[in-house]
Structures are given as structure tokens and as C-alpha cells.
Amino acid sequence: MAAVSASTVTTIESDDVAAEVHRPGTPGRATFVLAHGAGGNRDAVILRALADELCDRGFVVARIDLPYRRRRPKGPPSPSTSPADRDGIRAACATFRGESDGPLFVGGHSYGGRQASMAVADDGRALADGLLLTSYPLHPPGKPDRLRTEHLPSITVPTLVVHGSTDPFGTTDEMSRAIALIDAPTHIVELEKVGHDLNPKRKPTASLTADAVRDFLLPLFPDTEETHQ
């Protein structure tokens with residue numbers, strides 16, 4: 001039997017997209033485009049860990065820099081430029097749509113996931129077939145009256161949310177009520193004693209997230225065959 005090729009990581013830098021692309025050694029079962037949180041970049045610890053775990057399970061993963069991060073190496077995003085960040089997510093989805101024969105999922109951590117969810121609310125399946133949101137920033141810490149849920153009823157693709165039980169951006173009960181607004185299959189994974197960063201160095205958060213992708217998202221796409229164990 002021929003040996004299975006090792007996975008690879010390739011850097012992509014173009015006018016529209018900056019990404020590290022993880023490709024498994026076999027044809028990809030699906031593709032993920034994942035964006036970073038407000039204080040990070042595509043090399044964020046959680047994104048690297050997620051990409052490794054997903055790639056080990058046979059998925060292509062592109063972890064991208066959002067446009068605001070490409071403009072400056074440090075500092076938070078500005079609300080005034082968030083539409084440009086969503087356009088950056090759209091450009092990345094268009095770039096990587098053909099990386100596998102399976103579905104394309106978009107999402108990311110905190111701010112990156114929120115912007116991906118807003119883009120999907122606007123564009124639907126024309127943009128992506130599903131959402132993966134880790135540590136969705138449901139409201140600012142200590143301000144549960146300022147929910148970021150206006151666009152959720154416009155989402156019509158399957159959505160997986162991974163949430164730390166001690167995340168100050170929302171309780172598990174608040175998150176459950178929020179994702180119930182989505183007009184598609186949804187699932188929430190609560191990780192006990194984990195905060196907003198989902199620190200993969202302390203708990204196997206990335207592995208548990210990849211398991212949830214396998215157990216929840218993939219069965220919704222029955223034509224996606226498993227090629228990796």
C-alpha cells in the first residue's frame with residue numbers, strides 16, 4: 001500500500017488574501033476559512049491548534065489575516081472598517097472555495113467569527129455552507145444588555161458554536177438563546193472551566209472542537225466522505 005503523503009502548510013500573500021493554508025496528505029473532505037480575534041492575527045495560538053486538528057482529520061484549513069491586521073500589525077479593529085474585514089473574508093472564501101470537493105465552512109475566533117457570521121447573514125450559501133464560531137463575543141464583558149444578535153435570524157446555514165463556560169462575553173445560557181435565533185441547524189459545545197481564549201495549552205479545546213465538527217457539521221453533508229482517520 002502506498003504511503004500517505006504528509007500534510008503541508010503554505011503561505012499565501014496576495015492583494016486580497018493573506019493566509020496560512022493547511023492541506024492534508026489526502027484529498028480534502030471540506031475546507032475551512034478561519035479568521036482571528038480582535039487582538040490577534042492568523043498565527044493566534046487557538047487558530048494554529050484548530051488548523052492542526054482539523055487538518056489531521058482530513059480538512060483543508062486557511063487561517064487568514066483580516067484586512068485591518070494587514071494594515072497595521074497591532075491594535076484592535078475599528079467599527080468603521082468592519083465592512084472591509086467582511087470583504088476580506090469574502091475574498092478568502094472565493095480564493096479557497098475550490099480547495100476541496102466538499103463544503104466550505106467559514107468562521108473564526110471572537111471578532112473574526114462575528115464578522116464571518118455577519119457576512120454569511122448577508123450572503124448565505126453563496127459565501128459558505130456553514131459556520132464555525134469559537135468564543136462568539138455575544139456582548140461586551142459586564143454588559144449583557146448590549147447583545148450582538150441582530151443579524152443572527154438572517155443566518156440560514158448550519159452553525160457550530162464552541163463556548164468556554166467562564167467566557168465573560170456571554171454565559172452558556174445566553175449563548176444558547178442567541179443561537180436559537182439562527183434559521184438552520186445549530187449546536188453549542190460548552191467547554192468547562194475555559195475562558196474566552198479557549199487556551200489549547202491548558203485543555204484539548206482544539207481537539208474537542210474538531211470532534212464537534214466531525215460529529216455535528218459533517219453529517220449534515222452526507223456526500224462528504226471520510227478519507228482520514
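- Ser14 places a side-chain N or O within donor-acceptor distance of the main-chain N or O of Val17, the cut-off being under 3.5 Å.
- Scanning all heavy atoms of the two residues, the minimum distance from Met175 to Val161 falls at CG-CG1, 4.0 Å.
- Listed here is the closest heavy atom pair of Val9 and Glu20: CG1-OE1, 4.0 Å.
- Ion pair Arg70/Glu13 flagged as a salt bridge, since at least one NZ, NE, NH1 or NH2 atom sits closer than 4.0 Å to an Asp/Glu carboxylate oxygen.
- With sequence neighbours excluded, the residues satisfying salt bridge (charged side-chain N to carboxylate O under 4.0 Å, His left out) with Asp65 are Arg42.
- When all heavy atoms of Gly28 and Ser100 are compared, the pair lying nearest together is O-CB, 3.4 Å.
- Here Arg23 pairs with Thr8, Thr10, Val21, Val60, Glu99 under the side-chain contact (heavy atoms from CB on, under 4.5 Å) rule; sequence neighbours left out.
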Side-chain donor-acceptor pairs of residues 179-194 under 3.5 Å, sequence neighbours excluded:
unit_1, atom_1, unit_2, atom_2, d
Glu190, OE2, Thr172, OG1, 2.7

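- The shortest heavy-atom contact between Ser80 and Ser78 is OG-OG, 2.9 Å.
- Between the side chain of His22 and the backbone N or O of Leu54 there is no donor-acceptor pair closer than 3.5 Å.
- The two atoms that bring Ser110 and Gly37 nearest to each other are CB-CA, 4.3 Å, heavy atoms only.
- Contact detail for Ala178 and Thr149: the closest heavy-atom pair is CB-CG2, 4.0 Å.
- Cluster annotation: Leu66 and Phe96 are assigned to the same hydrophobic cluster (Ile/Leu/Val/Met/Phe/Trp/Tyr, side-chain heavy-atom contacts under 4.5 Å, transitive).
- Atom-to-atom distance recorded for Asp16:CG and Ile64:CD1 is 11.5 Å, nearest 0.5 angstrom.
- Contact check on Arg69 versus Asp85 returns no salt bridge, with no Lys/Arg side-chain nitrogen under 4.0 Å from an Asp/Glu carboxylate oxygen.
- Here CD of Glu53 is found 8.0 Å from CG of Asp211. Values are rounded to the nearest 0.5 Å.
- Residues that satisfy the ring pair (Phe, Tyr, Trp, His ring centres under 6.0 Å) test with Tyr111, not counting sequence neighbours, are Tyr68.
- Considering only heavy atoms from C-beta on, Arg63 comes within 4.5 Å of Arg48 through its side chain.
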Donor-acceptor contacts, no H, no angles, side chain residues 118-137, under 3.5 Å, sequence neighbours left out:
unit_1, atom_1, unit_2, atom_2, d
Asp123, OD2, Arg90, NE, 2.6
Arg125, NH1, Asp129, O, 3.4
Asp129, OD2, Arg97, NH1, 3.0
Asp129, OD2, Leu104, N, 2.8
Thr134, OG1, Gly108, O, 3.3
Thr134, OG1, His109, ND1, 2.9
Ser135, OG, His196, O, 2.7
Tyr136, OH, Arg148, O, 2.8

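- Residues satisfying the side-chain contact (heavy atoms from CB on, under 4.5 Å) criterion with Lys201, sequence neighbours excluded, are Val45, Asn199.
- Relative orientation of the Phe32 and Phe105 rings is tilted, given thresholds of 30° and 60° on the angle between their planes.
- A distance of 7.5 Å separates CG of Leu198 from CG of Asp167, quoted to the nearest 0.5 Å.
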